[in-house]
Number of protein chains: 2
Amino acid sequence: MMELNTISDILKKNNVKPSIQRMKIYEYLINKKTHPTVEEIYSVLSKELPTLSKTTVYNTLNAFIENGITQMLTIDENETRYDADISDHGHFKCTNCGKVFDFRFEKLNYEAKQLDGYEIKECHVYFKGMCKKCRK
Amino acid sequence: MMELNTISDILKKNNVKPSIQRMKIYEYLINKKTHPTVEEIYSVLSKELPTLSKTTVYNTLNAFIENGITQMLTIDENETRYDADISDHGHFKCTNCGKVFDFRFEKLNYEAKQLDGYEIKECHVYFKGMCKKCRK
DNA sequence: GTATCTGCAAAACATTTGCAATTCT
DNA sequence: AGAATTGCAAATGTTTTGCAGATAC
């Protein structure tokens with residue numbers, strides 16, 4: 001579990017001034033790892049920060065993205081999710097329970113290099129299907 | 001270039017009754033291969049079909065998707081694109097010129113099988129970066 | 001005390017829905 | 001005529017913008 005001190009440092013290092021709203025939003029992303037939507041972040045954090053507005057959630061997430069400490073996941077249309085894990089990894093969404101799981105991949109970078117002439121900066125991979133629990 | 005006769009047959013085979021609007025939209029998707037947005041389809045086809053409405057474009061694309069002859073691409077948030085090529089392939093979006101290119105991949109299916117316990121039904125891959133022209 | 005950040009309300013967009021008019025057979 | 005399709009207008013939902021008040025340095 002990452003603590004608020006560490007979070008404050010990460011934000012500062014990445015040119016995001018650490019307000020309480022920004023720290024709590026980053027904390028939620030990095031500790032819960034649920035790839036939440038704006039709605040989820042807003043409704044959970046409103047309990048702790050009763051005056052929080054969705055505008056601030058949007059502003060904050062956009063600032064995180066601009067400064068490279070969060071990525072936007074567009075796994076499903078009309079359901080923008082956010083992820084503070086910016087390492088190369090893929091996502092698996094269970095079409096039954098709706099949960100999103102992470103997985104590592106090795107071979108994709110190799111594959112990416114095959115596309116020569118193109119300069120690849122971002123690499124997004126997601127699968128959809130049924131997770132272990134839902135298949136039982 | 002696929003002709004309207006062939007398009008009519010494909011739609012019929014897939015339980016979509018071939019109206020002029022539906023045929024023209026499918027023709028645009030399959031022949032132009034530009035992975036257009038609703039807006040692009042609407043503004044281009046309005047010239048030929050002046051009474052065309054966006055509602056019909058949306059209804060038609062949803063019918064195509066339900067019947068498995070078109071896939072939705074969610075490469076960027078707030079920019080839903082459509083593709084009548086339903087074979088397994090990846091997309092590369094140039095962040096400079098905005099164009100979307102196709103590419104084949106072989107190794108991903110192998111990779112997918114590594115995630116055992118999970119039943120994978122759909123496999124989406126996209127890269128972002130600079131295309132050949134924009135790098136010059 | 002000046003900059004920045006927050007959050008309300010309104011605006012801007014994208015997509016869906018209800019329904020009447022049109023088209024097809 | 002009867003059933004399906006089209007397209008307008010209104011509704012819904014999401015994200016952005018404008019701006020006034022609050023907060024931080």
Side-chain angles (χ1 to χ4, degrees), chain A residues 4 7-9 11-12 14-29 35-67 69-83 98, chain B residues 4 7-9 11-12 14-28 35-67 69-82 98:
Chain A
L4 284 184
I7 288 168
S8 178
D9 289 345
L11 297 187
K12 277 181 203 161
N14 288 281
N15 298 311
V16 178
K17 286 189 187 169
S19 70
I20 182 67
Q21 290 87 347
R22 290 170 178 176
M23 287 193 295
K24 285 290 180 185
I25 292 171
Y26 193 78
E27 182 189 35
Y28 188 77
L29 284 179
H35 316 89
T37 61
V38 166
E39 185 57 40
E40 285 165 43
I41 297 169
Y42 173 73
S43 61
V44 171
L45 293 184
S46 297
K47 291 167 195 161
E48 274 184 276
L49 305 171
T51 67
L52 183 67
S53 72
K54 279 194 188 176
T55 303
T56 298
V57 179
Y58 279 110
N59 287 342
T60 299
L61 291 168
N62 288 339
F64 288 175
I65 290 166
E66 273 162 33
N67 291 287
I69 55 173
T70 293
Q71 61 171 321
M72 195 182 255
L73 308 183
T74 50
I75 298 180
D76 270 315
E77 63 289 348
N78 306 336
E79 194 196 57
T80 310
R81 292 166 173 273
Y82 297 86
D83 190 353
Chain B
L4 284 185
I7 288 168
S8 178
D9 289 345
L11 298 187
K12 276 183 202 160
N14 288 281
N15 298 312
V16 178
K17 286 189 188 169
S19 70
I20 181 67
Q21 290 88 345
R22 291 170 178 175
M23 288 193 294
K24 285 290 180 185
I25 292 171
Y26 193 79
E27 181 189 36
Y28 188 76
H35 315 88
T37 61
V38 166
E39 184 57 41
E40 286 165 43
I41 297 169
Y42 173 73
S43 61
V44 171
L45 293 185
S46 297
K47 291 167 195 160
E48 275 185 276
L49 306 170
T51 69
L52 183 67
S53 72
K54 279 194 188 177
T55 303
T56 298
V57 179
Y58 279 110
N59 287 342
T60 299
L61 291 169
N62 288 338
F64 289 175
I65 289 166
E66 273 162 33
N67 291 286
I69 55 172
T70 293
Q71 61 171 323
M72 194 181 254
L73 308 183
T74 50
I75 298 180
D76 271 314
E77 65 289 350
N78 306 336
E79 194 195 59
T80 310
R81 291 166 175 274
Y82 297 86

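Please read all numbers here as calculations on a predicted model, not as lab measurements. The basis for the numbers below is simple: all heavy atoms, side chains too, and nothing from hydrogens, waters or symmetry mates. Reminder, nothing fancy here: chain letters follow the sequence lines and each chain counts from 1.
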Going through the checks in order, is the side-chain contact (heavy atoms from CB on, under 4.5 Å) test met by I25(A) and V57(A)? CA-CA 8 Å; I25(A) 292 171; V57(A) 179; 4.3 Å; yes
Step-by-step side-chain contact (heavy atoms from CB on, under 4.5 Å) determination, L11(A) to I69(A): CA-CA 8 Å; L11(A) 297 187; I69(A) 55 173; 3.6 Å; yes
Can you list the steps and then say if L73(B) with Q71(B) is a side-chain contact (heavy atoms from CB on, under 4.5 Å)? CA-CA 6 Å; L73(B) 308 183; Q71(B) 61 171 323; 4.1 Å; yes
Please determine whether side-chain contact (heavy atoms from CB on, under 4.5 Å) holds for the pair H35(A) and Y82(A), giving the CA-CA distance in whole Å, both sets of side-chain angles, and the decisive distance to 0.1 Å. CA-CA 5 Å; H35(A) 316 89; Y82(A) 297 86; over 6 Å; no
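Nearest nucleotide to the side chain of L52(B), out of dG7(D), dG7(C), dT15(C): dG7(D). With dC5(C), dT15(D), dT6(C) as the candidates, the nucleotide lying closest to the side chain of Y58(A) is dT15(D). Among dT4(C), dT15(D), dG7(C), the nucleotide with an atom closest to any side-chain atom of T51(A) is dG7(C). Of the candidates dG7(D), dT16(C), dT15(D), dG7(D) carries the atom nearest the S53(B) side chain, counting heavy atoms from C-beta on. Of the candidates dG7(D), dT6(C), dC8(C), the closest approach to any side-chain atom of R22(A) belongs to dT6(C). If you check dC8(C), dG7(D), dT15(D) against the side chain of T56(B), the one that comes closest is dG7(D).
Here dA14(C) presents its C1' atom at 16 Å from CG of D76(A), a figure rounded to the nearest Å. Rounded to a whole Å, the CG atom of N62(A) is 12 Å from the C1' atom of dT17(D). The NZ atom of K54(B) sits 17 Å away from the P atom of dT17(C) (whole-angstrom rounding). I20(A) has its CD1 atom 13 Å from the C1' atom of dT6(C), to the nearest Å. One can place CE of M72(B) at 14 Å from P of dA14(C), the figure rounded to the nearest angstrom. If you measure from atom NZ of K24(A) to atom P of dT6(C), you get 15 Å, rounded to the nearest angstrom. Here dT22(C) presents its P atom at 14 Å from CD of Q21(B), a figure rounded to the nearest Å. To the nearest angstrom, P of dC25(D) lies 8 Å from NZ of K17(A).
Along DNA chain D, the nucleotide nearest S19(B) and the nucleotide nearest E79(A) are compared for position; the residue whose nucleotide lies closer to the 5' end is S19(B). For T80(A) and V16(B), each mapped to the nucleotide of DNA chain D holding its nearest heavy atom, the one lying further toward the 5' end belongs to V16(B).
Looking at every heavy atom in both residues, P36(B) comes nearest to Y28(B) through CG-CE2, 3.7 Å.
Of the nucleotides present, none pairs with dA3(C) by Watson-Crick or G-U wobble criteria with both distances under 3.5 Å. Applying the Watson-Crick and G-U wobble criteria (two distances, each under 3.5 Å), dT23(D) pairs with nothing in any strand.
Of the side-chain N and O atoms in T55(A), none sit less than 4.0 angstrom from OP1 or OP2 of dT16(D).
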